[in-house]
Amino acid sequence: MRIVKELVGKEVLGNDVVSMGKVVDVDIDLDDNAIESIIVSKGGIQESLNISKSELVIPFDMISKIGDKIILKDIFNEDLAQMEEEIEDLKSQL
């Protein structure tokens, strides 16, 4: 798939702009033809020597933006906003 070729090799950054590593593979749901997650190598000297086995599996819905680099969502702030909405809903029910 063309999109997989475009994703592999991209650097992945956390929302705080800290490098998480580079995309080494992509998990695809063949029934839906949808990307489920990206596999990210943690990088460092081990990666350049091909001796690293540490990888992260990042669900595709955690991605905020894809450009030259892939930027992940700020899960904490999203969870906090959702909790605030739920609290307001509960208050309105009282």
Side-chain angles (χ1 to χ4, degrees):
M1 291 179 80
R2 185 172 159 210
I3 188 77
V4 172
K5 290 179 184 176
E6 291 180 15
L7 290 176
V8 171
K10 286 192 184 275
E11 185 175 12
V12 177
L13 303 175
N15 69 318
D16 54 358
V17 195
V18 172
S19 179
M20 307 290 290
K22 291 186 178 181
V23 177
V24 292
D25 203 357
V26 178
D27 284 335
I28 298 175
D29 181 343
L30 296 176
D31 294 332
D32 296 334
N33 287 328
I35 297 174
E36 290 185 345
S37 59
I38 58 174
I39 313 300
V40 177
S41 174
K42 290 187 182 178
I45 188 74
Q46 293 91 353
E47 179 184 2
S48 61
L49 298 173
N50 288 325
I51 58 174
S52 176
K53 297 292 183 201
S54 26
E55 296 177 334
L56 299 170
V57 177
I58 300 175
F60 196 72
D61 61 354
M62 284 186 60
I63 295 174
S64 174
K65 295 179 185 175
I66 300 175
D68 292 337
K69 299 178 188 282
I70 297 173
I71 300 174
L72 301 179
K73 293 178 181 176
D74 184 355
I75 299 301
F76 177 75
N77 284 341
E78 287 186 10
D79 287 346
L80 184 60
Q82 182 179 356
M83 286 175 21
E84 288 172 348
E85 287 177 20
E86 290 173 1
I87 289 171
E88 290 303 317
D89 288 343
L90 288 173
K91 285 182 180 177
S92 67
Q93 292 176 9
L94 293 177

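On a predicted model such as this, the values are computed, not experimentally measured, just so you know.
- In this structure, the separation between CG on Leu7 and CD1 on Ile66 is 5.0 Å, given to the nearest 0.5 Å.
- Leu72 pairs with exactly one of Val12, Asp16, Val40, Asn15 by the side chain to side chain contact (heavy atoms under 4.5 Å, CB included) rule, that one being Val12.
- Rounded to the nearest 0.5 Å, atoms CD (Glu36) and CG (Asp61) are 10.5 Å apart.
- The structure places NZ of Lys22 at 12.0 Å from CD1 of Ile70, a figure rounded to the nearest 0.5 Å.
- Val23 and Ile71 fall into different hydrophobic clusters, where Ile, Leu, Val, Met, Phe, Trp and Tyr side chains are chained together by heavy-atom contacts under 4.5 Å.
- Ile35 and Met62 fall within a single hydrophobic cluster, where Ile, Leu, Val, Met, Phe, Trp and Tyr are joined by side-chain heavy atoms under 4.5 Å apart, directly or via other members.
- Qualifying side chain to side chain contact (heavy atoms under 4.5 Å, CB included) partners for Asp32, counting only residues two or more places apart in sequence or in other chains: Asp29, Ala34.
- For the atom pair OG (Ser41) and CG (Leu56), the distance works out to 8.5 Å, reported to the nearest 0.5 Å.
- Residues Met20 and Gly14 come closest through the heavy atom pair CG-N, 3.7 Å.
- Taking the side chain to side chain donor-acceptor pair (under 3.5 Å) definition, one finds that Glu11 meets it with Ser19, Lys69, sequence neighbours left out.
- Asp27 is linked by a side chain to side chain donor-acceptor pair (under 3.5 Å) to Ser37, counting only residues two or more places apart in sequence or in another chain.
- Applying side chain to side chain contact (heavy atoms under 4.5 Å, CB included) to Val57 and the options Ile38, Ile39, Asp25 leaves one that passes, Ile39.
- Residues satisfying the side chain to side chain donor-acceptor pair (under 3.5 Å) criterion with Lys65, sequence neighbours excluded, are absent altogether.
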